[in-house]
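Take a look at the structure below.
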Amino acid sequence: MSQGWQVLSKMVDGQEIVVNRVTVRSTAISIEGEFELPPLARLSFEDQVFIGMFIKTHGSIKEMEQAFGISYPTVKARLNRISESLGFIESKKVTEKDDVLARLERGEITVVEAMERLSK
């Protein structure tokens, strides 16, 4: 079943999906209409996997770094981007913070410069 969701998620590539029929398997009762997917189901399959691992690791960014082979700023930036797409945080704050952390990670600015920019 999860493979089907992955294929569907890639097919629609972020476009809005509307569900027209819902069936309860145990009773075979179906309801037809126009239903929106819940917010987490609207995320890309990759973001759903990322959030699933975040929950599995009880929010441990260190374990997320190890699981995905990415740095702390990358984990934070991705969580911020997902939070923004779900409407949990403002995009301007995310963009500025992500930019500073990404520049720090690439070595374009020093830790002191990053701290100064983030404290504004």
Side-chain angles (χ1 to χ4, degrees):
M1 183 62 104
S2 66
Q3 259 188 339
W5 184 253
Q6 183 177 7
V7 171
L8 176 63
S9 186
K10 287 183 180 185
M11 277 178 37
V12 298
D13 192 30
Q15 297 178 55
E16 184 178 351
I17 296 174
V18 176
V19 177
N20 294 109
R21 183 179 180 149
V22 178
T23 303
V24 179
R25 282 188 181 181
S26 62
T27 63
I29 294 174
S30 294
I31 302 170
E32 293 191 25
E34 193 167 292
F35 310 99
E36 289 186 20
L37 294 174
L40 291 176
R42 292 184 214 144
L43 295 174
S44 70
F45 182 77
E46 291 77 15
D47 284 347
Q48 290 179 29
V49 169
F50 194 81
I51 293 302
M53 180 60 76
F54 188 73
I55 293 167
K56 183 178 180 180
T57 64
H58 301 278
S60 169
I61 292 180
K62 184 175 184 174
E63 288 183 45
M64 293 291 288
E65 290 177 272
Q66 294 170 352
F68 290 98
I70 56 179
S71 68
Y72 178 92
T74 304
V75 172
K76 291 293 286 182
R78 188 154 180 197
L79 287 170
N80 284 336
R81 182 185 53 74
I82 293 169
S83 293
E84 178 188 354
S85 74
L86 293 171
F88 296 154
I89 55 177
E90 297 176 27
S91 60
K92 183 180 178 192
K93 289 181 182 177
V94 170
T95 305
E96 291 172 10
K97 184 177 179 183
D98 290 346
D99 180 55
V100 170
L101 293 175
R103 292 183 70 201
L104 176 63
E105 185 175 16
R106 290 190 302 264
E108 296 173 5
I109 59 175
T110 66
V111 172
V112 173
E113 290 172 309
M115 290 175 60
E116 287 173 0
R117 292 178 187 200
L118 290 173
S119 67
K120 292 180 184 179

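Legend: residues meeting side chain to side chain contact (heavy atoms under 4.5 Å, CB included) with S83, ordered by chain and number and at least two apart, are F88, I89.
The two atoms that bring E34 and V18 nearest to each other are CG-CG1, 2.9 Å, heavy atoms only. Residues F54 and L79 share a closest heavy-atom pair of CE1-CD1, 3.6 Å. Across every non-hydrogen atom of K97 and K76, the tightest pair is NZ-CE, 4.4 Å. Taking both residues in full, the closest heavy atoms of P39 and L86 are given as O-CD2, 3.6 Å, listed atom of the first, atom of the second, then distance.
Following chains of ILVMFWY side-chain contacts shorter than 4.5 Å, one can reach F68 starting from I55, so the two form part of one hydrophobic cluster. In the hydrophobic cluster analysis, where Ile, Leu, Val, Met, Phe, Trp and Tyr join through side-chain heavy atoms closer than 4.5 angstrom, L118 is grouped apart from I61. Following chains of ILVMFWY side-chain contacts shorter than 4.5 Å, one can reach V75 starting from L43, so the two form part of one hydrophobic cluster.
Residue I51 holds its CD1 atom at 4.0 Å from CD1 of I82, rounded to the nearest 0.5 Å. Atom CD of E65 sits about 8.5 Å away from atom OG1 of T74, to the nearest 0.5 Å. Rounded to the nearest 0.5 angstrom, F35 CZ and R21 CZ are separated by 10.5 Å.
Remark: the backbone N or O of N20 is not paired with any side-chain donor or acceptor of E32 at under 3.5 angstrom.
Taking 4.5 Å as the limit, every side-chain heavy atom of Y72 sits out of range of all side-chain heavy atoms of E105. In this structure, E113 and L104 have side chains that are not in contact, with every pair of non-hydrogen atoms separated by 4.5 Å or more. Residues Q48 and L40 are not in side-chain contact: their nearest non-hydrogen atoms beyond the backbone lie 4.5 Å or more apart.
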Legend entry - Test salt bridge (Lys or Arg N to Asp or Glu O under 4.0 Å) applied to E63 and K56, step by step: CA-CA 10 Å; E63 288 183 45; K56 183 178 180 180; over 6 Å; no
Inset, instruction - Just do the side chain to side chain contact (heavy atoms under 4.5 Å, CB included) check on R103 and R117 with the steps written out, would you? - result: CA-CA 11 Å; R103 292 183 70 201; R117 292 178 187 200; 2.5 Å; yes
